[in-house]
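Below you'll find the structure, written out as structure tokens, and then a few comments.
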Amino acid sequence: VLAATATDLLGSPRRDDSATPNTGDIAYYETSMTAEPYSATGTSLGLSSVHFRDTSYTLPFPFPFLGIDQTTVEVSNQGLLQFGSASWMWWDSNASQRLHSERYNRITAMWQDIHTGGADDGVFVDESIADQVTFSWNATSNLDDADVRFAVTLHRSGEFDFHYGT
């Protein structure tokens, strides 16, 4: 058992979901990871581009996040989900400072200097499983042209999962 730090990598304080009573401690438990084939499934959101792109997506259910039932999410082609605003979502040399100083409700599975302009790249959404929606990125690193694949699944309960693959 490892105790979580009070701040994240950038020194920002951890935020608590005020809508959920605290019933445990700040310890987290490591679980074994298994290799699974990764595929970006679902419908393209039309965010294929070598430049920043984003779109607003209406969720199939109210998603409780930080005490607010969210009904829409802003999705960027650079790996960011943001609730309530489309402001300041792109990656640039000041992105880490903005992430640290801004007060937007975000889920950042992999907010990086990536693009979705390569062959087969894109951002996809899959609602095929009841009570969840998955956003998948098949992207390319601007740093070294490496293939970057990851996803976030939002559950009706307010939980969310990260998926990373090759």
Side-chain angles (χ1 to χ4, degrees), residues 4 7-10 12-20 28 36 38-92 94-118 120-142 146-166:
T7 60
D8 67 11
L9 181 65
L10 299 174
S12 296
R14 301 216 183 264
R15 295 186 357 183
D16 198 16
D17 183 351
S18 59
T20 304
Y28 68 92
E36 296 179 15
Y38 180 87
S39 62
T41 60
T43 304
S44 173
L45 291 176
L47 296 177
S48 296
S49 177
V50 295
H51 303 289
F52 170 77
R53 301 269 317 267
D54 72 302
T55 191
S56 183
Y57 187 80
T58 301
L59 296 169
F61 48 80
F63 176 68
F65 188 64
L66 297 172
I68 300 169
D69 282 344
Q70 305 290 342
T71 57
T72 60
V73 62
E74 298 297 321
V75 182
S76 89
N77 67 333
Q78 295 178 324
L80 178 67
L81 299 178
Q82 183 166 294
F83 301 95
S85 171
S87 298
W88 300 102
M89 291 181 63
W90 63 89
W91 182 268
D92 61 16
N94 296 318
S96 63
Q97 289 83 8
R98 285 198 324 270
L99 180 63
H100 176 67
S101 65
E102 294 172 5
R103 300 285 183 208
Y104 297 109
N105 294 331
R106 296 175 169 152
I107 296 176
T108 55
M110 187 177 287
W111 189 31
Q112 293 290 319
D113 190 10
I114 58 176
H115 69 83
T116 52
D120 300 321
D121 282 359
V123 183
F124 306 88
V125 62
D126 185 347
E127 295 183 16
S128 64
I129 300 174
D131 296 327
Q132 69 182 46
V133 57
T134 299
F135 297 94
S136 302
W137 286 260
N138 185 5
T140 301
S141 169
N142 281 319
D147 196 29
V148 180
R149 296 180 186 202
F150 59 96
V152 177
T153 300
L154 306 180
H155 299 271
R156 181 185 293 271
S157 65
E159 296 175 340
F160 54 93
D161 303 319
F162 297 126
H163 313 273
Y164 302 95
T166 57

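Please read these numbers as outputs of a predicted model, since none were measured by experiment. Just the heavy atoms: all of them, side chains too, but no hydrogens, waters or symmetry mates, feed the values below.
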Do the side chain of N138 and the main chain of D120 share a donor and acceptor less than 3.5 angstrom apart?
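Confirmed, N138 side chain pairs with D120 backbone.
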
Under the 3.5 angstrom rule, does the side chain of W137 hit a backbone N or O of S76 as a donor-acceptor pair?
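Confirmed, W137 side chain pairs with S76 backbone.
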
Any side-chain heavy-atom pair of L154 and I107 under 4.5 Å:
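Of all side-chain heavy-atom pairs linking I107 with L154, at least one is under 4.5 Å.
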
With side chains defined as the heavy atoms from C-beta onward, is the minimum distance between I68 and F83 less than 4.5 Å?
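SC-SC contact between I68 and F83 ruled out.
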
With sequence neighbours excluded, tell me which residues meet side-chain hydrogen bond (donor to acceptor under 3.5 Å, both in side chains) with S48.
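Here no residue qualifies.
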
Return the set of residues passing side-chain hydrogen bond (donor to acceptor under 3.5 Å, both in side chains) with T43 (not counting sequence neighbours), or none when no residue passes.
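Here no residue qualifies.
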
Could I get the full list of side chain to side chain contact (heavy atoms under 4.5 Å, CB included) partners for [X], not counting sequence neighbours?
X: F61; result: F63, V133, R156
X: S157; result: H155, E159
X: T72; result: S56, T58
X: T140; result: H115, D121, D145

Report the residue from D54, T116, L45 that forms a side chain to side chain contact (heavy atoms under 4.5 Å, CB included) with N77.
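Among the candidates, only T116 passes.
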
Nearest 0.5 Å, what's the [atom1]-[atom2] distance between [X] and [Y]?
X: F65; Y: L59; atom1: CZ; atom2: CG; answer: 11.5 Å
X: F150; Y: I114; atom1: CZ; atom2: CD1; answer: 4.0 Å
X: T108; Y: Q78; atom1: OG1; atom2: CD; answer: 13.0 Å
X: E74; Y: T55; atom1: CD; atom2: OG1; answer: 7.0 Å

I need the minimum non-hydrogen distance between V75 and Y57, along with the two atoms involved.
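The pair with the smallest heavy-atom distance is CG2-CB, 4.3 Å.
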
